[in-house]
Amino acid sequence: MNRRRRVYEGKAKILYEGPEPGTLVQHFKDDATAFNNKKHDQIEGKGVINNRISEYVFKRLSEMNIPTHFIRCLNMREQLIREVEIIPIEVVVRNVAAGSLCKRLGLEEGAQLSRSILEFYYKSDELADPLVTEEHITAFGWSNPIELDEIMQSALRINDFLSGLFVGQGIRLIDFKLEFGKVWENDQLRIILADEISPDNCRLWDAETNNKMDKDRFRCDLGGVLEAYQEVARRLGVLVEVRPPHGTVPILVSSNANNSYD
Ligand code: UDP
């Protein structure tokens, strides 16, 4: 029986109380949802892959001095994270036109944007995460102008770094969503990157074929969702194939020898 206290359950993740004050356990589920929960399914193994991909990306971002909530991986589906006060804004960074941008402005999917675009959405299931401006965010007190500046700078740095990281593996970073939180550190408020970065919240296209390697495969019923996520993990070096006696199954490997998967 799971006796841990559940702090929050979202569409793809559960947060449990952590082992020490100020920590939480982030558990990745296999649930896939789209269109504000109207489409829902289970993709067996997705949570395990997203845990590994997100761990890998957050570690690389920490090395770039981008503060994140990630502390360490606990097991195949869970990571220990810092508890933060989530800023109720989804920050979307776009390099290529896709998804809601195309619908809203009548653009053709795949059109290269002349510069990266930052957008903000207010996190509200009831309102289906409406697009908002900096003015709304500061006027309604969801974040203040200084924090928002820091968030925007951080989002653009993350975009530069991740675009390069993925391109090195033959993947185009089309767009992605970030969430940030606030923590107190030595009497100072700090903004840190929270949530996850995985094919659930990025659009990733194969650089040669433009094949989709992300949640659009689920949204648009393209099939091969798990295979695409596995391929992203494989290219990032966090998935290897082994040959057990009864055929080939993918297993997840750690990028850090000190990681324990207990
Ligand atoms: N996204 C997300 N969660 C959301 C909305 C968007 O992770 O609630 C991600 C999405 O996967 C994509 C980017 O943000 O990589 C831009 O999404 P878009 O605004 O085009 O909306 P969508 O097409 O997902 O409705």
Side-chain angles (χ1 to χ4, degrees), residues 5-17 24-43 46-47 50 54 58 68-69 81-94 97-107 116-156 158-159 174-184 189-203 214-216 218-220:
R5 194 170 73 84
R6 188 179 301 218
V7 177
Y8 170 82
E9 178 152 7
K11 293 170 199 139
K13 293 188 292 293
I14 305 173
L15 296 179
Y16 295 103
E17 207 168 55
L24 294 172
V25 172
Q26 178 163 257
H27 176 106
F28 289 76
K29 301 193 282 182
D30 284 342
D31 298 65
T33 63
F35 313 119
N36 203 22
N37 234 349
K38 287 187 195 88
K39 185 176 164 86
H40 184 210
D41 209 344
Q42 291 273 317
I43 296 166
K46 175 178 80 80
N50 281 354
S54 200
F58 272 62
T68 84
H69 72 166
I81 59 169
R82 291 181 70 180
E83 185 171 24
V84 300
E85 188 192 326
I86 286 284
I87 295 167
I89 299 297
E90 297 193 339
V91 180
V92 168
V93 186
R94 301 180 182 276
S100 69
L101 180 70
C102 291
K103 274 194 214 121
R104 198 179 321 118
L105 301 182
L107 301 175
S116 301
I117 293 176
L118 273 184
E119 291 177 347
F120 305 103
Y121 295 84
Y122 177 51
K123 272 167 72 71
S124 161
D125 284 342
E126 302 90 79
L127 302 174
D129 299 347
L131 180 70
V132 292
T133 66
E134 287 178 61
E135 303 282 304
H136 296 111
I137 295 170
T138 52
F140 293 116
W142 298 324
S143 189
N144 69 41
I146 295 165
E147 292 164 358
L148 202 51
D149 265 359
E150 199 175 322
I151 288 172
M152 288 162 70
Q153 277 183 35
S154 182
L156 291 173
I158 293 169
N159 183 41
I174 304 302
D175 60 31
F176 59 100
K177 183 261 295 187
L178 299 172
E179 293 188 26
F180 292 87
K182 296 192 262 192
V183 279
W184 283 98
L189 199 62
R190 262 188 111 191
I191 304 283
I192 69 174
L193 182 67
D195 194 44
E196 68 174 291
I197 296 182
S198 75
D200 265 6
N201 50 23
C202 300
R203 283 197 171 88
D214 56 60
K215 200 162 107 177
D216 270 352
F218 170 73
R219 291 190 189 97
C220 310

Least distance between heavy atoms, [X] atom then [Y] atom:
X	Y	answer
E179	L193	O-CD1, 3.6 Å
L24	V7	CD2-CG2, 3.9 Å
A194	F58	O-CZ, 3.3 Å
Y16	H27	CE1-CB, 3.9 Å
A155	F180	N-CZ, 4.4 Å

Between [X] and [Y], is any pair of side-chain heavy atoms under 4.5 Å apart?
X	Y	result
F28	S54	yes
D195	L178	no
Q42	D31	yes

Taking only residues two or more places apart in sequence or in another chain, which ones pass side chain to side chain contact (heavy atoms under 4.5 Å, CB included) with [X]?
X	answer
N159	V93, N95, S116, S163, L173, F176
A128	N36
L107	A97, L101, C102, L105

For [X], salt bridge (charged side-chain N to carboxylate O under 4.0 Å, His left out) partners two or more places apart:
X	value
R203	D175, D216
K46	D200
K29	E9

Ring pair (Phe, Tyr, Trp, His ring centres under 6.0 Å) partners for Y121, two or more places apart: none
By ring pair (Phe, Tyr, Trp, His ring centres under 6.0 Å), which residues pair with F140, not counting sequence neighbours? W142
Side chain to side chain donor-acceptor pair (under 3.5 Å) with Q26: which residues, sequence neighbours excluded? Q79
According to side chain to side chain donor-acceptor pair (under 3.5 Å), who are the partners of E17, at least two apart in sequence or on a separate chain? R5
When the side chains of residues 83-90 are checked against the rest of the protein, which donor-acceptor pairs come out under 3.5 Å, sequence neighbours left out?
none

Over 12 foreign heavy atoms within 6.0 Å of CG, L156: yes
Enumerate the residue pairs fulfilling salt bridge (Lys or Arg N to Asp or Glu O under 4.0 Å) with a member in residues 132-154, sequence neighbours excluded, ordered by first and then second residue. E147-K182
Rounded distance (nearest 0.5 Å) linking atom CG of L131 with atom CD of E119: 5.5 Å
To the closest 0.5 Å, what do you measure between CZ (R82) and OG1 (T68)? 9.0 Å
Show the numbers, then the answer: is there a side-chain contact (heavy atoms from CB on, under 4.5 Å) between Y8 and I14? CA-CA 6 Å; Y8 170 82; I14 305 173; over 6 Å; no
Donor-acceptor check, side chain of D129 to backbone of K123, threshold 3.5 angstrom: yes or no? no
I151 vs S143, side-chain contact (heavy atoms from CB on, under 4.5 Å): CA-CA, chis, key distance, verdict: CA-CA 10 Å; I151 288 172; S143 189; 4.2 Å; yes
